[in-house]
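Read through the structure below, which is laid out as structure tokens, and then see the notes.
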Amino acid sequence: MSEPIARYVTIADAAAYLSCTDKTIRRMIIDGRLRAYRLGTRAIRVDRTELDCAMSPIPPARISA
């Protein structure tokens, strides 16, 4: 039986999911792009669905003639 996918992940797991560093995730939390949740006095978790929502598409490049 497989384990269910966790909804809330650690900062390190969030960084691995987005292929960036822990520092980038912390910056995104500080500037409001991601919402973090405290678990107890030290543990911080991020909602995995918010990680997907934090991503924004890059518009296609215009080719000038």
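Positions are given from 1, in the same order as the sequence printed here. Worth knowing before you read on, the calculation uses all heavy atoms, side chains too, and leaves out hydrogens, waters and symmetry mates.
What you find for A12 and D22 is that their closest heavy atoms are CA-OD1, 3.6 Å. Residues M28 and A54 come closest through the heavy atom pair CE-CB, 3.8 Å.
Cluster membership for V46 and M55, using ILVMFWY side-chain heavy atoms within less than 4.5 angstrom, is shared. Taken together through direct or relayed side-chain contacts under 4.5 Å among Ile, Leu, Val, Met, Phe, Trp and Tyr, I25 and I44 form part of one hydrophobic cluster.
With values rounded to the nearest 0.5 angstrom, T21 atom OG1 is found 6.0 Å from R27 atom CZ. Taken from CZ in R45 to CG in D13, the straight-line distance is 8.0 Å, to the nearest 0.5 Å. With rounding to the nearest 0.5 angstrom, the CG atom of L18 is 7.5 Å from the CG atom of L34.
A side-chain donor from one of D52 and Y17 sits under 3.5 Å from a side-chain acceptor of the other.
By the 4.5 Å heavy-atom criterion applied to side chains, R35 and D47 are not counted as neighbours.
Side-chain atoms of R48 never come within 3.5 Å of backbone atoms of L51 as a donor-acceptor pair (strictly under, hydrogens ignored).
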